[in-house]
Amino acid sequence: QYQEQTPEPPSTEQNKTTFTKQISGSDIAEYKNANVEKTPGSYTFTKDSVLNYKGFGGAVADGGIPLAIDAANHTLTITVSNDGNMFIDGIHATAAKNIDITADKFIMNINGDKDLSLNKAYGIWKQGESTTTIHGLTEINAAAASSSYGVYASGYGSKIQLDGLKAAVNRDASDGLSIKSDGRGGSKISVNVKDGVTGDHEVQLNGNIYTGVDGETNLALTTQESLLNGVSIVQTETGSDDDDNPVTEAGTLNLYLQNG
């Protein structure tokens with residue numbers, strides 16, 4: 001006797017692992033069709049995945065809504081290449097919306113071809129009164145002729161919070177920095193430390209650190225493998241108060257060292 005077969009519901013599992021479109025707070029067909037963007041601005045990767053992005057504006061960019069990327073227990077690798085631009089970056093966070101990323105490893109190769117016709121290459125660029133947070137190990141390689149930055153917070157209340165970090169930049173660039181916290185209105189970058197409590201994540205920085213007058217950098221080197229291959233530069237400015245008394249202002253660097 002014939003029995004009608006009930007069709008199985010469509011799979012909700014991730015069905016693709018290589019992408020080319022920007023991750024943002026919008027409905028992106030490539031990610032929706034791959035069962036990665038579950039709701040606008042919320043991405044879940046259940047497999048190791050690669051995003052090969054070309055051009056300006058960041059492979060990951062905030063927008064009108066907060067952005068969440070969940071790649072827990074997996075590696076998410078992002079490659080950003082030049083497309084005739086003067087400036088490219090991995091995370092482009094210039095809106096007042098939070099970005100929250102979780103991954104076993106979050107790897108960003110910015111201008112991996114080392115095309116030095118490119119002026120600026122940033123791993124993370126944050127500007128605006130919100131926080132970009134990455135849980136897990138972040139690895140950044142950035143190369144450009146002029147400004148080559150790993151992690152950059154550029155004012156207006158911008159905050160970046162990272163667990164582990166490996167950053168390498170073009171140290172022959174005219175301005176090559178693994179971390180830069182600067183900009184009017186305040187910037188705060190914290191690596192392997194939160195609210196004064198240090199973590200046990202690996203931190204390896206190949207490039208100098210710069211903290212501007214309005215910047216704050218919190219950095220904890222707490223494992224045997226952690227290192228800073230560079231120097232820390234803290235900007236100072238001397239002015240005067242209302243009574244013409246000299247006043248010196250300086251950026252804030254909090255450096256925590258253990259197991260050294």
Side-chain angles (χ1 to χ4, degrees), residues 58 60 78 87-94 99 101 106-111 120-128 130-144 146-196 198-199 201-223 225-236 250-258:
V60 176
I78 290 174
F87 163 45
I88 59 176
D89 51 358
I91 296 178
H92 188 95
T94 58
I99 294 178
I101 299 171
F106 185 68
I107 301 171
M108 287 181 283
N109 296 310
I110 314 303
N111 191 27
K120 300 178 181 180
Y122 305 162
I124 302 171
W125 180 32
K126 178 75 195 87
Q127 185 179 76
S130 57
T131 303
T132 294
T133 303
I134 303 179
H135 311 274
L137 177 62
T138 302
E139 296 186 18
I140 298 171
N141 297 284
S146 177
S147 299
S148 183
Y149 301 155
V151 181
Y152 180 27
S154 61
Y156 303 97
S158 54
K159 298 180 181 66
I160 299 172
Q161 179 73 51
L162 306 177
D163 285 352
L165 173 64
K166 292 183 178 180
V169 299
N170 177 22
R171 300 182 70 182
D172 293 328
S174 57
D175 188 18
L177 300 167
S178 60
I179 291 176
K180 183 174 184 178
S181 182
D182 192 20
R184 181 174 298 178
S187 298
K188 181 178 180 181
I189 297 174
S190 299
V191 179
N192 194 32
V193 58
K194 185 175 183 180
D195 300 327
T198 60
H201 304 283
E202 188 174 351
V203 178
Q204 295 185 350
L205 304 180
N206 286 285
N208 296 338
I209 298 171
Y210 179 87
T211 307
V213 169
D214 288 337
E216 178 181 337
T217 302
N218 303 297
L219 175 65
L221 306 178
T222 60
T223 70
E225 298 79 15
S226 293
L227 59 86
L228 168 59
N229 182 15
V231 299
S232 176
I233 303 161
V234 178
Q235 182 189 21
T236 61
T252 300
L253 170 68
N254 297 307
L255 179 61
Y256 304 81
L257 300 176
Q258 297 175 16

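Between the side chain of Asn208 and the main chain of Gly230, no donor-acceptor pair closer than 3.5 Å is present. With hydrogens and angles disregarded, no donor-acceptor distance shorter than 3.5 Å links the side chain of Lys166 to the backbone of Ala168. Looking only at distances, no side-chain donor or acceptor of Thr252 sits under 3.5 Å from a matching main-chain atom of Glu216. Proximity of a side-chain donor or acceptor of Gln127 to a complementary backbone N or O of Ser154 within less than 3.5 Å is detected. Between the side chain of Ser178 and the backbone N or O of Gly207, at least one donor-acceptor pair lies under 3.5 Å. Side-chain atoms of Gln161 do not come within 3.5 Å of backbone N or O of Asn192 as any donor-acceptor pair. No side-chain donor-acceptor contact under 3.5 Å links Asp214 to the backbone of Gly186. When atom types are taken as modelled, the side chain of Glu202 and the backbone of Gly164 share no donor-acceptor pair closer than 3.5 angstrom. In this structure, Gln204 contributes its side chain and Glu225 its backbone to a donor-acceptor pair below 3.5 Å.
Put simply, the side chain of Thr217 reaches to within 4.5 Å of the side chain of Ile209, judged on heavy atoms. Side-chain contact between Leu162 and Ile124: present, with at least one pair of heavy atoms (C-beta onward) separated by less than 4.5 Å. At a threshold of 4.5 Å between non-hydrogen side-chain atoms, the residues Lys120 and Asp89 do not count as touching.
When only modelled atom types and interatomic distance are considered, Ser181 and Ser187 share no side-chain donor-acceptor pair under 3.5 Å. Under the 3.5 Å distance criterion, with hydrogens and angles disregarded, no donor-acceptor pair is assigned to the side chains of Thr198 and Thr222.
Nearest heavy atom pair, residue Thr223 against residue Ser226, reads OG1-OG, 2.7 Å. Ser146 and Ala173 make their closest contact through O-CB, 3.3 Å (heavy atoms, listed as atom of the first residue, atom of the second, distance). Residues Val191 and Asp163 share a closest heavy-atom pair of CG1-O, 3.8 Å. The two residues Asn170 and Ala144 have their closest heavy-atom pair at ND2-O, 2.9 Å. Looking at every heavy atom in both residues, Ala143 comes nearest to Ala121 through O-CB, 3.3 Å. Heavy-atom minimum distance, Thr236 versus Ala250: CG2-CB, 3.7 Å.
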List the steps, then state whether side-chain contact (heavy atoms from CB on, under 4.5 Å) holds for Ile110 with Ile88.
-> CA-CA 7 Å; Ile110 314 303; Ile88 59 176; 3.8 Å; yes

side-chain contact (heavy atoms from CB on, under 4.5 Å) between Ile91 and Ile134: does it pass, once the steps are laid out?
-> CA-CA 11 Å; Ile91 296 178; Ile134 303 179; 4.0 Å; yes

From CA spacing to verdict: side-chain contact (heavy atoms from CB on, under 4.5 Å), Leu165, His201 | CA-CA 8 Å; Leu165 173 64; His201 304 283; over 6 Å; no

Stepwise side-chain contact (heavy atoms from CB on, under 4.5 Å) check, Asp182 with Gln235 | CA-CA 9 Å; Asp182 192 20; Gln235 182 189 21; 4.3 Å; yes

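Atom CG of Asn141 is separated from atom CG of Asn109 by 5.0 Å, given to the nearest 0.5 angstrom. How far CZ of Phe106 is from CD of Glu139: 11.5 Å, rounded to the nearest 0.5 Å. Rounding to the nearest 0.5 angstrom, the gap separating the CG atom in Leu219 from the CD1 atom in Ile189 is 10.0 Å. In this structure, CD1 in Ile160 is found 9.5 Å from OG1 in Thr133, a value given to the nearest 0.5 Å. Considering CG of Leu221 and CD of Gln258, their distance stands at 9.5 Å, rounded to 0.5 Å. If you take CD1 on Ile99 and OG on Ser130, they are separated by 7.5 Å, rounding to the nearest 0.5 Å.
Taking the six-membered ring for Trp and thresholds of 30 and 60 degrees, Phe87 and Trp125 have ring planes more than 60 degrees apart, a perpendicular arrangement. Using a 30° and 60° split on the angle between ring planes, Tyr122 and Tyr149 fall in the parallel class, below 30°.
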